[in-house]
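Heads up, the thing below is written out as structure tokens.
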Amino acid sequence: FHLSGGEKQKIACAGVSIMEPDVFVMDEPSSNLDVSSILDLRATLAFWKAQGKTIIISEHRLYYLRGLADRFIYITAGEVKKDYSAAEFELLTEQQRADLGLRTFVLENLLPPKTLPPTTEQMELHNFRFSYKNGPETLHVRKSKIPANRIVGIIGNNGAGKSTILKSITRQLKLIGGEVYIDSEEIRKLSYKEMAVKAAVMLTERMKPELMTCHDIVATGRYPYTGRLGILSREDERKVDEALEAVHAQELGIRNFQEISDGQRQRVLLARAICQEPEVMILDEPTSYLDIRHKLELLTILRKMAKENGITVIMSLHEIDLAQKISDQVICVKGDRIAEFGDPEEIFTEATIRDLYEIDNGYYDPIFGSVELPKPEGEPEVLVLSSGKTGIPVYRKLQKAGIPFAAGILYPGESDYQLARLLASGIISEEPYEPISDETYQKALKIMEKCGKVINAGVKVGSMNQKMGELLRIAEERRMLVSI
């Protein structure tokens, strides 16, 4: 009876639901869920909301609550600083969210650029096979090569085998066949000390050390380099201090490891891995429990280590938006095999992610790096006229209300267009950089007359879209303008 962290989370949600409370209070319910499971969670929240339940959620991850949450309450230092309506929160810029220390929707510009050294092979898996005790084979990798000086992300469904691969590589789980090589050396032939020098490991299981400070935890990363008594030299102590400084956790050094938050523990454990000075760093969901600031901080540190110190980083991630931005190469695990292995540009497409996670209850949008519930069914009941990104809050309100809508007149490449293609029942669009043609105008007018209702989502009329102004004039004359 083996369940992944995400599967356990889903069972916990089911257990709470069966109690039929009026109020649900959830603490980071998506923390161990993959994309498909997050969509399931979102659908569950929408179902509870439709039943008239009150749902209070504390979260670092925000994208799956877009179009679902009615309020966003911002808390810092134990105080409520701001209470946003959904529309107000949606209209915040990416920089404004970052200034608040909140997770953004598009992360490309926040991570350092990639400058890659020449590729060499660091790790190889040959006929890699694993099964649980007395069970059928659950994972089989015929051959896979992981390059040095790179960050390799592992993604896939809950229970697909991401953690199994990492634990098998680090000898925490025993293979039933095959070999794992680091720098052409079989890891099963390495002593524990040799293995500790070559590879540092940071897994999701929560450590429960007794009476150890954070400094003590980080210092264990130096034990492979000490004598039998484990006495640290001045140089070892210096490396411990530097590792704590690298993750901005100097102030945690004297604190009891058991008394700090989950996010702070992640930073301390990363410091221990850094202190170990490995050739390969293996991390299982390292961004769990971290807010956006510390997620970016951690990923920036990993990028710097891979680039400057020549370290290979192999990590599993549930946040595919982060995997897309940080990984040099991506391994997709599905069923009992590696389904895809390639560059992020090859992996993060709608079709590949839909197939990998078997998404049939929504959409993955590679442009925004977000997930969306299905569009409202039926013929459009209202036409939303917008420009730039003014339509996005309106689209989400209509989706929450279950009202099918048409969107126009949009240009491919606009933010409104990217979301409308997933949520709208129909789109009226024009060729990029072209003025609105008579044909496109007539199409929009026909849909407007069929709907009988028009929402002006803040259209800005210029030389290229003058016919939008004409549509709004007609809608006003015919008293078709409505609000939501």
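Computed from a predicted structure; not experimentally measured. All values below come from the heavy atoms of this structure, side chains included, with hydrogens, waters and symmetry mates left out. Numbering starts at 1 and runs along the sequence shown.
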Could you walk me through whether Val313 and Leu283 pass side chain to side chain contact (heavy atoms under 4.5 Å, CB included), step by step? CA-CA 8 Å; Val313 178; Leu283 308 101; 3.5 Å; yes
Give the intermediate values and the outcome of side chain to side chain donor-acceptor pair (under 3.5 Å) for residues Glu319 and Thr287. CA-CA 8 Å; Glu319 299 106 324; Thr287 55; 2.8 Å; yes
Show the nearest heavy-atom pair for residues Leu423 and Lys375, with the distance to one decimal.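 Reported closest heavy-atom pair: O-CB, 3.2 Å.
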Shortest non-hydrogen separation from Glu259 to Arg265 and the atoms involved: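 Distance-wise, the nearest heavy atoms are N-NH2, 4.4 Å.
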Option passing salt bridge (charged side-chain N to carboxylate O under 4.0 Å, His left out) with Arg421 (candidates Glu350, Glu414, Glu372):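 With Arg421 as partner, Glu350, Glu414, Glu372 yield a single salt bridge (charged side-chain N to carboxylate O under 4.0 Å, His left out), made by Glu350.
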Given the side-chain rings of Phe72 and Tyr84, with only the six-membered ring counted for Trp, is the space between their centroids under 6.0 Å?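 Between Phe72 and Tyr84, the centre distance exceeds or equals 6.0 Å.
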Does Lys198 pair with Glu185 as a salt bridge, N-O distance under 4.0 Å?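 Judged by the 4.0 Å cut-off on N to carboxylate O distance, Lys198 and Glu185 do form a salt bridge.
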Can you confirm whether more than 12 heavy atoms, excluding those of [X], are under 6.0 Å from its [atom1] atom?
| X | atom1 | result |
| --- | --- | --- |
| Glu245 | CD | no |
| Glu20 | CD | no |
| Ile254 | CD1 | no |
| Arg238 | CZ | yes |

Arg171 to Tyr192 six-membered ring, cation-pi geometry met (6.0 Å, 45°):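 That pair qualifies as a cation-pi contact.
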Determine, step by step, whether Arg42 and Asn361 satisfy the side chain to side chain contact (heavy atoms under 4.5 Å, CB included) criterion, reporting the C-alpha distance in whole Å, the side-chain angles of both residues, the deciding distance to 0.1 Å, and the verdict. CA-CA 10 Å; Arg42 180 183 168 104; Asn361 53 352; over 6 Å; no
